[in-house]
Structures are given as C-alpha cells and as structure tokens.
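Scroll down for the structure; my scribbles are underneath it.
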Amino acid sequence: MRSEIQKLLKCIELEEKEQLQRYRLDQQHSLKQLKAEGLALHPIIVTRKNFGYADYPEISFKLSFPPEANMFRDGSPVECFITGEEPVKGVLISLDGKNGEFRLFAPDFPDWIEDDGVGIKLAPDTRTTTIMKKVLNELENNKSLLKLFEELHGSKSTVAVQNATKNVSLSFRNHKLNESQQLAVTAITNNQQVTIIHGPPGTGKTTTLIEAIIQLINKGEKLLVSAPSNTAVDNIARGLIQQGVKLLRVGNVSKVDETIFSHTPEGRLANSKQQKEIKQLKIRAEEFRKMALKYKRSFGKAEREQRNLLFKEVKNIRVEIKKLQAYNEEKLYQEAEVIAGTPIGLYDADIDHLKFGTLVIDEAGQCIEPLAWCIFPKVEKIVLAGDHWQLPPTVLSNEAAVLGFNRSILEVAIATVPDVFLLNTQYRMREVIAGFSSNYFYGGLLLTASHLYNTGVHLTFIDTAGSGYNESHGPDGISLQNEGELRIVQKILETESLDPLRTAFISPYSGQATVAKEILPRQLRVSTIDSFQGQEQETIIVSLVRSNDDGDIGFLKDYRRMNVAITRAKEQLFVIGDSATIGADLFYNSFLTYIEQQGTYRTVWELEM
C-alpha cells in the first residue's frame, strides 16, 4: 500500500507543478491566454472595500460581462494584479455571475486597487497541497487509518457487511421519505465503518442525509459534515438549520446568507463582550495602518523601516485577533451537535480534542481522495454521498489524471465498499428525460415519481448532419464553437415560445458559451456543462458543438459530462448535434437510438422550413 500512497503524493506534486505553470502571467503566458482559458478575470471594477474577517482587506467587484469562470470556485487562491506592480495574494470569497468578492492577505489595500486594468487570476493552492502531503505521509503512523486505506485500495473490501434492515423500527421525522431513502437512513444509523449513499440527480440525497444526521444526533452522536465546495456545505447546512440542529459552520464563510451567518463563529459572537475586544483591536490596527500610509511609495530607507514596523504591528494585532477568536470559538465547538465545513475548513478548525462519531461527506464524487484523508482521522465512522456517474473532480495535470488523481474518494470507495445504497426514485424530470441515464448509467434502476410521467413532447434531438454547421476554433484559438448550432437555438426559442427566464443553454465548450452570451437573450442562463452541475432548469438546450469529417468528438468522450447535461431539465430537453460526427461512438449511437424510440428526432431542415 506504500506504493498507492506514493502514487497519490506524486500526483499532488504533478498537480502543483501544473498549477505553477498554468497560472503564471509572463511573456510565455499572456493575459489574453489566461482569460481565454478561464484562469483570469480582467478588468474588474471595484465596488466596495472594507476590512473583514481577522481585519484582512476585502474587495467587492463587478465585471462588465458574465464570465465563463467554472475554475473560480469559492475558496480558490487568487492573485490581484495590475501591469507593472507586484501582485497581492488572496482568496476568492464568492463569484456569482458578474459580481464577486475576494480577500487579500496583506496589511492594507494596494495603492493601485482602483486604477484601470486591475484583475484577479487563479494562483497555485500551495497550502492545500502542503496539507494533503502532510496527512498522506502521516497515514502509516495510524494503524486503523492505514488499514482503512488498504481496504479501500484492495481488490475486495474486508469491511464487514452490515445488515441495513435490522433496525427497521426507526422512527422517521420526515414521513415523506420513500423506501430507498428510508433504507439509506437506516443503513447510516447502523454504519460501523463506511457507508455509501449513491444519489443520482433529483433523488433527494440532501433530504436523506438530513434525516440520517438527525437520527444520529438523537442517538447521542456529535457529527462532522463536509463537502468539497462551500456552496455544497451551505446547501446541507441550511437544511439542518431549518430542522433545528445546533450547527456551527466553520471555514471561509464571509459570503453567506443571514440564516447561515448566525451559525458561524463570527455570527454567534457578533454582540458578545469578546467581539467588542476584537473591535477595539481592529480600531488600533486601523490607526497603525493610517500612520504607515503617510509614507508613500517613494521614500527613503528610514521611512521604509518605519512603515515596515507599523505594518508589522498590524500583523501582530491580527495574530492577537485570531487567538482571541480561537479562544471564544472553543465553547461553540463544545455546544454544537454538527460542525460543518469544507475538508480544509474542518482541518483548520481546532477540534482534534473533540470526539466525533460520524463524518458525512456530501458531493463526495467531486472530492479528490487526499482531501478526504485530511478529515477521516477525526471520526470513527464515514458516510460518503454523491454520484460517481456525474463529473469527477477537476484536475489540471493530465499526467496526474492518468495516474488516477481525478478519481474521487467516492469512486475509489465504491469499488470495494459493500454497503452501497442507491436512492432509486427521481423527483426532478419527466420520465423520458431520465430514461436514458437510468438505462445507461444506473442499470435501469432509477425510477421516476408518478407525477412526472410523460404528458407530451419532453425530449428532442435536432440533427445538423449535412447542414455544413461545422465546428471552428474561437478567436482565442483554443476552445471550440459552432455558430450554426447557435442559430438553431435562436430558432427554437422563437418557434417553441420558450420563456428565457425558465430556460438555460449549456455546452461542453467554453468557446460556445462565450459566443452564446453575446447573441442569445440576456435573460437566458448560459453556461458550460461543468459549471451547471448541481443545478436545474425548466427547459435545457444542449449544444454539442462537434461537427467534423473525422468523427472526432474530443472530450465528449467523458460520458459523465453528457450525463450531467441531460439530467438538468425538468420539463423539456433539446439536444443539438451532428449525428454523422457523434454517431460512430457507441454511447452516442445508443443515445440517438433512444431518442428515435422514446423522444422526438428532427433534422435541421425541418426546423428551417
């Protein structure tokens, strides 16, 4: 098993190297190139400046157009830059459409922050990679954890098979749970080591997890709840708060709604005596900052030393604020029934002295394996929930991906853990829309709730074969686009009388999404498939883009991306593509056959008549 640990460590090194390479802004990597690859947002318009968490500078900004920014996730390390100045490191707090917010790890705002030409770009996440390497290197010193690692990486798990039905007398708080959800909840409450909840789209995974967490609390357990993104953590945290659970949300939580903020350490301590002390410290820091700023950028050695001393004092006050916050948070940690955060957020929280029964990782199909090992040591039992047939975690290094670094902890565990419980009824989409995914990905086991049986035309494929609507490279020369397919989208919106506010356009290619934003109605949500994972809309239009004489379909070969695309629509799904290009592939061939049998198959010629 040492070799498996070494392989993961090598993958982390490769990913770190790739990040350093890809995120660089120099003569080899122009700003235009970084923007084209979705790695830089430029220019930004600063809308607000304030000193936030632990007195760090925080900046709200807007963009003149909605970016294709699925790489910019909340909590991503960033650098704020302008030509000719030293960039400043920070972290992205949030990015929602055209508006965002980030925090700088600096004593003050840079002098140039409101000048024209300021941007932010992604930066290597060296802190996360350092933590992941540390926990993997420590694995061999923890016998029970090493045993679990060996079981998950073995050919067949030796984890004892549990009997999920032995506790059938469970009294459910939520009486609307279906049989598969009840079975999953029972399995979680009986879990002795690892249980997997496989939740395909629309099957009520979060609802099931909330019920299970409440059952475990009733049994006297204290729990950790995690997910790889802050958005996913907030989603499950919100549901638990509504059920009256004593929850503490830790980590990067500056941009959360009022419901969740009042359950963060900051929110809980907002009007306390300790918070008043912190406020006084922040006022002192502000005074030192003002004194330091009297020394402008052009000054002599003595002034520079004085300025540095003043900023050093600001830094010392920040350390004092953090210590005071940590001291005050201890009582909150003790009182909480559930502590929720991302893996790194929970790793950073000072909770190792507390005893936790179960860790629940939601969206585990998006969590790279080493991140999970950062929090596995904190608990006795583990629940992994998600869908390994959706998109895997994003990995930049192709070499690391080949070595399996983009295999999520869910994908690793599901190969060997015997306790896998499928939530088998979906409540999102019409039966015909769910049918292909059910057959191809879920072994025909995914059922549809009776109120979603078909009542009309819900699934349409529009074939562009022979139309000359060929793919082309965008102005950046990197991503692909297909303007012919966008003309079809305009035609569909017109002829089908679709409401743009209840319709979304998605495509696997960022180049197509970029062009679509320019020519489709502004009210229409436009996104890549990757960015739209986890979301839904009444009507979805999918543009596959690929149309060439070689039958080359590129990364459409990752069929999980297509599974995400075709399971977002609730009422109507339109897929536009070239059957001559995609039809040679067995997966797409079976998809086209399914539509001919169960949906509506149209050619571009019919649409243009």
Side-chain angles (χ1 to χ4, degrees), residues 35-38 41 62-72 95-100 429 433 457-464 467-476 478-547 556 561-562 564-578 582 600 602-609:
K35 284 167 73 173
E37 291 177 24
L41 302 176
K62 67 178 181 180
L63 298 155
S64 53
F65 61 92
E68 182 43 57
N70 59 299
M71 297 292 284
F72 281 85
L95 180 63
D96 184 11
K98 296 181 183 182
N99 299 299
M429 60 205 113
I433 297 175
V457 176
H458 303 290
L459 175 62
T460 304
F461 182 80
I462 296 160
D463 194 352
T464 67
S467 65
Y469 289 170
N470 292 342
E471 65 192 60
S472 62
H473 283 285
D476 57 36
I478 299 165
S479 190
L480 292 171
Q481 61 190 53
N482 189 319
E483 293 196 32
E485 288 191 5
L486 291 175
R487 288 201 289 278
I488 295 170
V489 177
Q490 290 172 311
K491 196 80 175 170
I492 292 169
L493 290 168
E494 183 190 316
T495 57
E496 302 293 324
S497 305
L498 299 178
D499 178 357
L501 293 171
R502 300 173 77 182
T503 304
F505 169 87
I506 59 177
S507 175
Y509 291 94
S510 58
Q512 185 75 331
T514 303
V515 182
K517 280 171 186 165
E518 291 169 12
I519 67 171
L520 296 180
R522 283 185 174 272
Q523 316 93 300
L524 188 81
R525 174 76 201 273
V526 173
S527 174
T528 58
I529 295 167
D530 296 46
S531 293
F532 208 73
Q533 178 156 300
Q535 299 178 63
E536 58 185 42
Q537 186 55 279
E538 201 76 15
T539 301
I540 294 283
I541 303 171
V542 184
S543 167
L544 296 180
V545 174
R546 300 312 298 250
S547 179
L556 288 187
R561 183 169 281 106
M562 192 61 174
V564 172
I566 61 179
T567 54
R568 303 301 100 201
K570 296 196 280 187
E571 198 63 32
Q572 272 187 297
L573 172 65
F574 295 89
V575 180
I576 305 166
D578 179 350
I582 65 172
T600 303
R602 299 170 71 181
T603 68
V604 66
W605 316 112
E606 292 172 56
L607 203 70
E608 291 186 339
M609 280 167 66

Sidechain-backbone polar pair: [X] side chain, [Y] backbone, donor-acceptor under 3.5 Å:
{"X": "Ser507", "Y": "Ser543", "answer": "yes"}
{"X": "Thr528", "Y": "Ser531", "answer": "yes"}
{"X": "Glu606", "Y": "Thr603", "answer": "yes"}

Atom [atom1] of [X] and atom [atom2] of [Y]: how far apart are they, to the nearest 0.5 Å?
{"X": "Arg487", "Y": "Asn482", "atom1": "CZ", "atom2": "CG", "value": "8.5 Å"}
{"X": "Gln512", "Y": "Leu480", "atom1": "CD", "atom2": "CG", "value": "9.0 Å"}
{"X": "Met429", "Y": "Leu459", "atom1": "CE", "atom2": "CG", "value": "11.5 Å"}
{"X": "Glu571", "Y": "Ile433", "atom1": "CD", "atom2": "CD1", "value": "7.0 Å"}
{"X": "Ser527", "Y": "Gln537", "atom1": "OG", "atom2": "CD", "value": "11.5 Å"}
{"X": "Ile529", "Y": "Leu556", "atom1": "CD1", "atom2": "CG", "value": "7.5 Å"}

Can you find a heavy atom in the side chain of [X] that is under 4.5 Å from one in the side chain of [Y]?
{"X": "Leu95", "Y": "Leu41", "result": "yes"}
{"X": "Leu544", "Y": "Met562", "result": "yes"}
{"X": "Val564", "Y": "Phe532", "result": "no"}
{"X": "Ile492", "Y": "Thr460", "result": "no"}

* Which residue pairs satisfy the ring pair (Phe, Tyr, Trp, His ring centres under 6.0 Å) criterion with at least one member in residues 509-529, sequence neighbours excluded? ->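 Every pair satisfying ring pair (Phe, Tyr, Trp, His ring centres under 6.0 Å) with a residue in residues 509-529: Tyr509-Phe555.
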
* Inter- and intrachain pairs under ring pair (Phe, Tyr, Trp, His ring centres under 6.0 Å), touching residues 479-502, at least two apart ->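 Found none.
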
Partners meeting side-chain hydrogen bond (donor to acceptor under 3.5 Å, both in side chains) with [X] (sequence neighbours left out):
{"X": "Glu483", "value": "Gln481"}
{"X": "Glu538", "value": "none"}
{"X": "Asp463", "value": "Ser579, Tyr601"}
{"X": "Arg602", "value": "Glu496"}

How close do [X] and [Y] get, heavy atom to heavy atom, and via which atoms?
{"X": "Ala565", "Y": "Val542", "answer": "O-CG2, 4.1 Å"}
{"X": "Phe574", "Y": "Ile462", "answer": "CD2-CD1, 4.4 Å"}
{"X": "Arg568", "Y": "Gln533", "answer": "NH1-C, 4.3 Å"}
{"X": "Ile576", "Y": "Val489", "answer": "CD1-CG2, 3.6 Å"}
{"X": "Ser547", "Y": "Asn470", "answer": "OG-OD1, 3.4 Å"}

* Those residues that, when tested against Arg525, pass salt bridge (Lys or Arg N to Asp or Glu O under 4.0 Å) (two or more places apart) ->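 Partners of Arg525 under the salt bridge (Lys or Arg N to Asp or Glu O under 4.0 Å) test: none.
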
* To do: For Arg546, check salt bridge (Lys or Arg N to Asp or Glu O under 4.0 Å) against everything at least two apart and list the hits.
  =>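 Arg546 satisfies salt bridge (Lys or Arg N to Asp or Glu O under 4.0 Å) with Glu471, Asp552 once adjacent residues are dropped.
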
* Asked: What residues, two or more places apart in sequence or in another chain, satisfy side chain to side chain contact (heavy atoms under 4.5 Å, CB included) together with Ala516?
  ->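 Ala516: side chain to side chain contact (heavy atoms under 4.5 Å, CB included) contacts with Leu486, Phe505, Leu520, Val526.
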
* Quick one: side chain to side chain contact (heavy atoms under 4.5 Å, CB included) partners of Gln523, sequence neighbours excluded? ->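 If we apply the side chain to side chain contact (heavy atoms under 4.5 Å, CB included) test to Gln523, skipping adjacent residues, the hits are Pro500, Leu501, Pro521.
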
* Arg561 atom CZ: more than 12 heavy-atom contacts under 6.0 Å ->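 Count over threshold, so yes.
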
